Amino acid sequence: MAPVRVAAFFRIGPTGCEPRPNPGKATTIKDLSRLIPHIRSLGRRYTGGALLLLATNALALLIPWYMKLAVEALQRPASARLSATTCALLIVALAVAHCVTRIYSRTLILNAARIIEYRIREELFQRLLLLDLPFFSGSRTGDIISRFANDLTNVRMLTGFGAMSAMNTLILYGAAVTMMWRIHPWLTLCAVVPFPLMVLLVKKVSQHMFRRSLAAQEELARLSSLAEESISAIRLVKSYCREEHFQALFQEIAGRYLEHNLVMGRLRGLIIPVMAVATGAGTLIVLFLGGRLVIAGTITLGDFVAFSGYLTMLVWPTAIMGWILTMMQRGASSMSRLNAILTAEPAVADAADAVSQEGVRQGIELRGLTFGYDNGKLLDDISCHIAAGERIGITGEVGCGKSSLLRLIPRLLPVDDGMILIDGKDINHITLASLRSLIGYVPQEAFLFSRSIRENIAYGVEDQWVDVSNAARRAGFTDDVNSFRDGLETLVGEKGVSLSGGQKQRLSIARALLPGPRILLLDDPLSAVDAGREEEVLNELRGFYGDRTVLIVSHRLSVFRDCHRILVLKDGRIAEQGSPAELLALDGLYAGMQRMQRLRDELL
Ligand SMILES: Nc1ncnc2c1ncn2[C@@H]1O[C@H](COP(=O)(O)OP(=O)(O)OP(=O)(O)O)[C@@H](O)[C@H]1O
């Protein structure tokens, strides 16, 4: 598989939700600042953890000291302050206490990080539910899911293990170097000479690891996207015999993911020898210089033992310094990816002066409505008044903006240019909740949850045990429900895989009818329903319409049977409007469409 095809398939564009590959220092601090309120609110846990870490290290530092006393007691029992046995018992007691305090310090800090992870995950989900179509049309589901998994893990590592290691390093360094300094300042300086080199080397290796890890994360996001897309579209994959194509794509991305991980494994393997060299060098210096100091009687053998003990204690925190820096970078990069979601603003939100709208008395008005996506104008200066209780059919060429027009009414898309008014009120100043509760919307593609038919129909109402059978009947879905062994309790499978296209559409209509909306927006609601069933559903719907305002989009003109007026869109404008009889008399676009459909029906 040519790499260029894969790259084209997985185009990474400036969607506002894409990873930033090269976070600079300013970005790092700014991105991490979002963690401060969380850390502050868990201040007691972090402080408790830090105090316990302090105790842990104090206990750890006492062990070499008692080892020194033990050695001195063995050398000169007469002048010893404590016997070697007492020292040994104290060392055991200190080791036990050290173990206990370490467990509690870890628990406090690591659990605080878990709580932060939980809160950010909640925030993320809440924000995702707030965001709207313009955001989601620029984001890949797999990429968003990968942020929930990988980026949150990186942030948890930073606020948990990273924070704990940083505190530990700071405390241990301060205390161990002080103790070593007390034994012999010059020996201390000589012993720690190789350490900066170790920090530099580990940091260098970590930076490479960080770059690889970022690249691996991106590949993983692509893998998730690909898996998600190909599993969702499994029927399409099979019917177009694209299994091999997807297999090759998957293999290539998985191959790159593996390569990044293998390199990371090799780099990780480098850290241990680097540490061993630095430790060996330090120990060699201590043996050589320290040994001479013992022979010269400048320090005791006990001092020497304690000194070596402190030096060993410094090795891991020193090595971890470079790693902590990398972890901070990685955490910041992940935080920046999460911030892309957390700080994304929905294009549609309640205005400060938004008021609630109850019912529809006068009707809906489109006033100079102009709309377009990134690629130019789609709807151009559309004006029309739809009286309350009026039923409007909307038709026009494929892609002329019929669905977009419907989506603008519940503000699923932002109304920026021109106005939509309900009872004279600009919908941009009506609360979203009240606006949307007035409307029943049936999208072109029915989306079903992998639950029962009952739960799918009752999706829009709080009471899950509401009687859904009436809505099912109105949507002409009762016979289908009765034909299933479990009736309304039948599980529909992922995205309604076990239902036919027409059944999904009628279920989707039933869902929209159930709350009894005042405005009904039907976007090609019967496109997958056969002519006989269409007649039945339209008859049922006529009984439901009453004084509700209805807008139906369709290419099939038969669906407009009960409409008072039909709008024909062309080039972003209303080219024709009137009752079916008026439009036929006009002998324009609508009449042409009618003739074409008749001809097609006769041929079929
Ligand atoms: N989220 C989007 N981002 C960018 N362009 C979009 C988006 N949704 C739709 N479009 C484009 O806007 C145009 C109008 O789409 P829309 O679905 O409103 O047309 P339509 O008249 O309902 O089409 P159809 O008759 O096929 O249902 C199309 O060219 C489509 O490619």
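Ligands are counted one by one from 1 in listed order, and the atoms in each one are counted from 1 as well. Quick note: residue numbers are just sequence positions, from 1. Not measured: the values here are computed from a predicted model.
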For Leu378, the ligand 1 atoms with a heavy-atom partner under 4.0 Å come out as 12 (O), 13 (C), 14 (C)
Presence of salt bridge, Asp479 and Arg473, under 4.0 angstrom:
no
Does the distance from a Lys or Arg side-chain N to an Asp or Glu carboxylate O, for Asp562 and Arg391, drop under 4.0 Å?
no
Give the minimum heavy-atom separation between Ala340 and Phe135, together with the two atoms involved.
O-CE1, 4.4 Å
Tell me: protein heavy atom nearest atom 17 (O) of ligand 1, and distance?
Ser403 CB, 3.5 Å
Ser356: partners by side chain to side chain contact (heavy atoms under 4.5 Å, CB included), with sequence neighbours left out:
Glu358, Thr431, Ser434
Counting non-hydrogen protein atoms only, what is the nearest one to atom 25 (O) of ligand 1? Give residue, atom name and distance.
Lys402 NZ, 2.7 Å
Nearest non-hydrogen protein atom, atom 15 (O) of ligand 1
Ser404 OG, 3.9 Å
Please state which protein non-hydrogen atom is closest to atom 10 (N) of ligand 1 and give its distance, to 0.1 Å?
Tyr373 CE1, 3.3 Å
Please name all residues satisfying side chain to side chain contact (heavy atoms under 4.5 Å, CB included) with Arg556, sequence neighbours left out, ordered by chain then number.
Glu534, Ser554, Ser558, Val559
Among all protein heavy atoms, pick the one closest to atom 23 (O) of ligand 1 and tell me residue, atom and distance.
Gly399 N, 3.0 Å
Taking only heavy atoms of Val398, which atoms of ligand 1 are found under 4.0 Å from at least one of them?
25 (O), 26 (O)
Nearest protein heavy atom under 4.0 Å from atom 12 (O) of ligand 1, yes or no:
yes
So, Arg222 and Glu219, do they make that salt bridge, N to O below 4.0 Å?
yes
Polar-atom distance check: Arg407 versus ligand 1, any N or O pair below 3.5 Å?
no
Would you mind checking if Arg533 and Glu536 are paired as a salt bridge, meaning a charged N to carboxylate O distance below 4.0 Å?
yes
Flag atom 30 (C) of ligand 1 as yes if some protein heavy-atom distance to it falls below 4.0 Å, otherwise no.
no
Which atoms of ligand 1 sit under 4.0 Å from any heavy atom of Gln444?
27 (O)
Under a 4.0 Å threshold between the charged nitrogen and the carboxylate oxygen, would Arg127 count as salt-bridged to Glu123?
no
